[in-house]
Amino acid sequence: MTQANNASIESLLAETRVFQPPAPDTLGFKAPGGRGPRGWHIHSLEEFKRLHKRSIENPEGFWAEEARTVEWFAPWTRVLDWKAPDARWFVDAKLNVCHNCVDRHVSAGYGDETAIVWEGEPLGVRTGHPAPGSKYAKTPEIKRLTYRQVQSEVCRLANALKALGVKKGDVVTLYMPMVPELAIACLACARIGAPHSVIFGGFAAQAIVERVEDARSKVIITADGGYRRGDVVKLKDAVDQACAKTSLVKDVLVLRRTGHAVQWHDGSAGGKRDHWWHETVPKMSDQCPCEPMDAEDMLFLLYTSGSTGKPKGIVHTTAGYLVFVQMTARLAFNLIPSSGQLFWCSADIGWVTGHSYVLYGAMANRVATLIYEGAPNFPDNARFWDIIERHKVTQFYTAPTAIRSFMKWGTEFPARHDLSSLKVLGTVGEPINPEAWIWYHEHVGGARCPIVDTYWQTETGGHVITPLPGAVPTKPGSCTLPMLGVDAAVVNEQGEELPPDRGGLLVIRKPWPGMLRGIFRDPDRYVQAYWSRVFGKGAGGERTPYYFSADGARRDKDGYFWVMGRVDDVINVSGHRLGTMEVESALVSHPAVAEAAVVGMPHAIKGTGICAFVTLKSEFLRTLPGHPDDAVRKALSDHVVREIGAIARPDSIRFADGLPKTRSGKIMRRLLRDVAAGVEKITQDTTTLEDFSVVARLRESDEE
Ligand code: PRX
C-alpha cells in the first residue's frame, strides 16, 4: 500500500459503529420517494438493494429509464455498445450538457431560481492589496446568479469564444480562480462543443505548458489573479510564463478579478494575444444556440496523475457523464429542485469533484450551488461555518484532510455558528479516519446529519461507492455500498471475488455511463493503466477485463467497502492526487540531484505527506562548505514548487549517498515507505537488496 498510514488503517479495522439513516422527513425535505418526472429518491435499504440488484442484472433497462430524466435532441438507438474496454453509451443520441444544466430549466419556467451563489474571499482584514495597509470591507463580496442570468452570461462568452475562432472539438484551457466566471466558462465550452481542460490554479507554469501541448489547446481563459488566504495568486503571470515556453497558445482571455497590474502581450504572428474579458464578452449577443452533440462527443479533458511522470488526460464524454452525475448527485445528496436547497461542495473546479458536483451535478438537478473563492481559515478558522450559517447551506461536501484541519483548530469555531440548516454531509478524496468522521458528525452535523463518504475517481466521473443519505446505514471509515448500476467488487489477482474481510483489489466488473472513455491521444496507456491487470469471466464465461481502480480494499460481512488506499505509485496529498514519479522528475531536473525516490508517508493533517530521498551529485557536494542541508532542502523544495506547484512541496527531504535497489537496479520503494513511516522493524523481503548498509544509512538521514 502506498499510503503507509498504519495507525489509521488499524483504527479502520477496529471500527464497528453503525449509524442508521434518519427518517426521510427529518432530512427536512419534501423528498418524494419513488419515481417522478424530476427523478426519484430512495428511502430504505431494502428498496436500495432491490434496485441495485436490478440495475446490475439489467443495466440497459436501468440506465434507459434513468436517462429519461435528461432532455435529448435526438434519441439513442442502443443504450450500450460495449467492446471491452471501449464503451459507447446512448449510441447515436444527440444532446447538450449546457442545455440540460441551464436552458431546460429556463424554458420550463424556473429561470428566476438561483443557480449560483458566490462568495469572494476578502473579508475585514489587512492585506497587501488593493493598497498595502488597507482593509477589506466588513462584509464579503457576494454574487447571486439566476438560471436566466447564467444563460445570458454563458451565451455571451460562448459567442466571444466563437469570435476567437473556437470551433466544436477545439480544447479550451481554463486556469482560473473560484469565481462564477469559471462555471460560466465550462458551460460556455459545453454549449459550443469545445471540450474544456481545467487546470487547477495551484499548478505552476510548467504544468500549464504540458497540458496545453498535450491537448493542443490554442485558447486559454484565465484571470489576473485570485485571492487565497489574503494573498493574490498571480494566475496571469503563470500563463505568461507558460506561453513563453510554447508557441501553441494564440489567444488568452483575461478576467479582471484582483485588479493588480499585469503584463500584456501580442500574438506571435502579430495582432492581439491577450484580451480583457470585460472589454470583449459584454459586447457579445446573449443568444447562442446549444450545439447538438453526439452522445460520445468529448465534454471535457481533465489531467490527473498516474504512475509515470506524465499526467493523463482523462476523457469524459457527453451523455453518459451527464446521466451519471445527475443521478449520483441527486441520490447521494438528496437534491430536490425548487426546495430551497443550497448545495456546497468546497472542492475547486480544477479537480473532478468540482466538475461533477459543484457544477454539472448540482445544476443538472436545478439546485443552487455555492462557490467560495478562498481558504477555510481566512480571515479566521470559522470561515466555512460562517458561510454555512449566513447562506443556510443544506448539503456540505468536503475532504477528510479539511476535516482534520478543523479538528486541529478546535470545536469552538463550528460551535460559534448556527449550522442547523445542514441536512447532509459528504466527504471525498481519501479514506476518512473514524475519529475525523465522528468529529464531523458531532461538531458539524449536530449528530443528526447523515455522512456520505463518497468513493470515486477522476476516471469514474462520479460516485461509484457511497451511502445514500436516507437509505443506507453508515459506518465511520467505510464508503459502504456500490452506487446503482455500478458492479464494484474486491478481487484477487485472478479476478475472483474475495470472502469478507480479505484485502484485495478494487475493481468494477461492468461498464457504467460515467466511466472515462480513454486517455487523450494515448489509447495504449488507457488499456495498460486500467484494463490489463485483472480479468474475470464475462456472461458467457469468456475472459473479460475488469476496470482496475488501483486502490486496495476489503468488504466486511455486510458487503461494506473499506478502501485502504492506492496500490500504485500515486499518493493522495491533502486529497490531491500526485504521482510520486512527477515529483521525482521535478527533483532530478535540478542540477544538484543525481537520483531521487519519492514515497508517501503518514501525515496527521494531509493523510499522506511527501517524503523524498535524494542523492546529490558528487561534483555538487564538493562545492558545499560544511553541511548546508537546510539550504539545499529549501532550494530543492522551491524547485519542485516551481516545476509542479505548491501542492507538490515535499514534507521531508532526506539525503542519502545511495538508494536501496534490487540487484536488477530497481529502487525498492516499499522499503523506502517503511523507512519514511519510521517503521521500527523492516519486514520487507530485503534478500534482493544490493547493499544492505544503505538501509541503516537511510534511517539516519531523517532531517529532524
Ligand atoms: O485512492 C482513492 C481516493 O482518491 C483517488 C482518486 O483521486 P482523484 O482522481 O483525484 O479523485 C478524487 C475525488 C473523486 C482514489 O483512487 N479516494 C477518493 N475518494 C475516496 C478515496 N479513498 C477512500 N475513500 C473515499 N471516499
Side-chain angles (χ1 to χ4, degrees), residues 1-5 8-9 12 15 198 200 202-203 302-307 311-314 316 324-325 328-329 332 345-358 360-361 397-403 425-434 436-437 440 451-467 474-483 486 488 490 505-508 514-516 519 529-530 547-554 560-580 582 600 606-608 647:
M1 223 116 305
T2 347
Q3 306 203 329
N5 204 337
S8 70
I9 288 180
L12 280 177
E15 183 55 51
V198 185
F200 172 57
F203 280 118
L302 183 57
Y303 285 85
T304 190
S305 299
S307 16
K312 311 184 262 199
I314 302 298
H316 281 289
F324 195 64
V325 295
T328 54
C345 166
S346 71
D348 194 288
I349 293 180
W351 304 104
V352 75
T353 308
H355 284 57
S356 297
Y357 296 105
V358 175
Y360 292 119
Y397 190 28
T398 194
T401 184
I403 299 168
L425 299 177
T427 87
V428 59
E430 50 177 320
I432 183 165
N433 45 316
W437 196 103
Y440 196 31
I451 295 181
V452 291
D453 174 355
T454 61
Y455 168 84
W456 59 295
Q457 309 177 298
T458 306
E459 291 87 343
T460 68
H463 309 141
V464 285
I465 310 179
T466 179
T474 50
K475 303 183 189 184
S478 167
C479 52
T480 76
L481 300 171
M483 180 47 88
V486 175
V490 175
L505 307 173
L506 175 44
V507 297
I508 303 178
M515 67 190 268
L516 78 166
I519 295 176
Y530 305 107
Y547 169 81
F548 176 46
S549 65
D551 279 305
R554 71 182 168 92
Y560 276 38
F561 284 74
W562 299 76
V563 175
M564 297 308 195
R566 304 282 302 199
V567 296
D568 60 0
D569 292 323
V570 167
I571 50 179
N572 257 313
V573 182
S574 300
H576 295 154
R577 181 164 155 183
L578 265 183
T580 51
E582 286 170 67
K606 297 179 172 182
T608 304
I647 53 167

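Quick note: numbers below take in every heavy atom, side chains included, and nothing from hydrogens, waters or symmetry partners. Just so you know, ligand 1 is whichever comes first in the structure, and atom 1 is the first atom listed for that ligand.
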Next item on the list: Answer yes or no: does an N/O atom from Asp551 fall short of 3.5 Å to an N/O atom of ligand 1?
Entry: yes
Residue set satisfying side chain to side chain contact (heavy atoms under 4.5 Å, CB included) with Ala529, at least two apart, ordered chain then number -> Lys312
So the atoms of ligand 1 within less than 4.0 Å of a heavy atom of Asp453 turn out to be 24 (N), 25 (C), 26 (N)
Donor-acceptor contact present, side-chain Thr460 to main-chain Gln457, <3.5 Å: yes
A student checking ligand 1 against Arg577 at a 4.0 Å heavy-atom cut-off should list atoms 6 (C), 7 (O), 8 (P), 9 (O), 10 (O)
So for Thr458 against ligand 1, with non-hydrogen atoms under 4.0 Å, the contacting part is both
Looking at His463 and Ala329, would you say the former's side chain and the latter's main chain have a donor-acceptor pair under 3.5 Å?
no
For Thr328 and Tyr357, what are the C-alpha separation, side-chain angles and deciding distance, and is it a side-chain hydrogen bond (donor to acceptor under 3.5 Å, both in side chains)?
CA-CA 9 Å; Thr328 54; Tyr357 296 105; 2.6 Å; yes
Exercise. Apply the test side chain to side chain contact (heavy atoms under 4.5 Å, CB included) to residues Phe324 and Val464: give CA-CA distance (whole Å), side-chain angles for both, the deciding distance (0.1 Å), then the verdict.
Key: CA-CA 10 Å; Phe324 195 64; Val464 285; 4.2 Å; yes
Any heavy atom of Pro431 under 4.0 Å from ligand 1? The part involved is both
For Val563, the atoms of ligand 1 under 4.0 Å from one of its heavy atoms are 22 (N), 23 (C)
Any heavy atom of Glu430 under 4.0 Å from ligand 1? The part involved is backbone
By side chain to side chain contact (heavy atoms under 4.5 Å, CB included), Asp348 pairs with (sequence neighbours left out) Met178, Phe200, Trp351
Handout entry: Side chain Thr458, main chain Thr304, donor-acceptor under 3.5 Å
Key = no
Practice prompt. Could you tell me whether a side-chain N or O of Ser549 sits under 3.5 Å from a main-chain N or O of Asp551, the two making a donor and an acceptor?
Written response: yes
So for Asn572 against ligand 1, with non-hydrogen atoms under 4.0 Å, the contacting part is side chain
- Message: I'd like to know if Gly429 contacts ligand 1, where contact means a heavy-atom distance under 4.0 Å to any ligand atom.
- Response: yes
Next on the checklist: Using a 3.5 Å cut-off on N or O atoms only, is Arg566 in polar contact with ligand 1?
Outcome noted: yes
Note: ligand 1 atoms sitting under 4.0 Å from heavy atoms of Thr353 are 13 (C), 14 (C)
For Val428, the ligand 1 atoms with a heavy-atom partner under 4.0 Å come out as 13 (C), 14 (C)
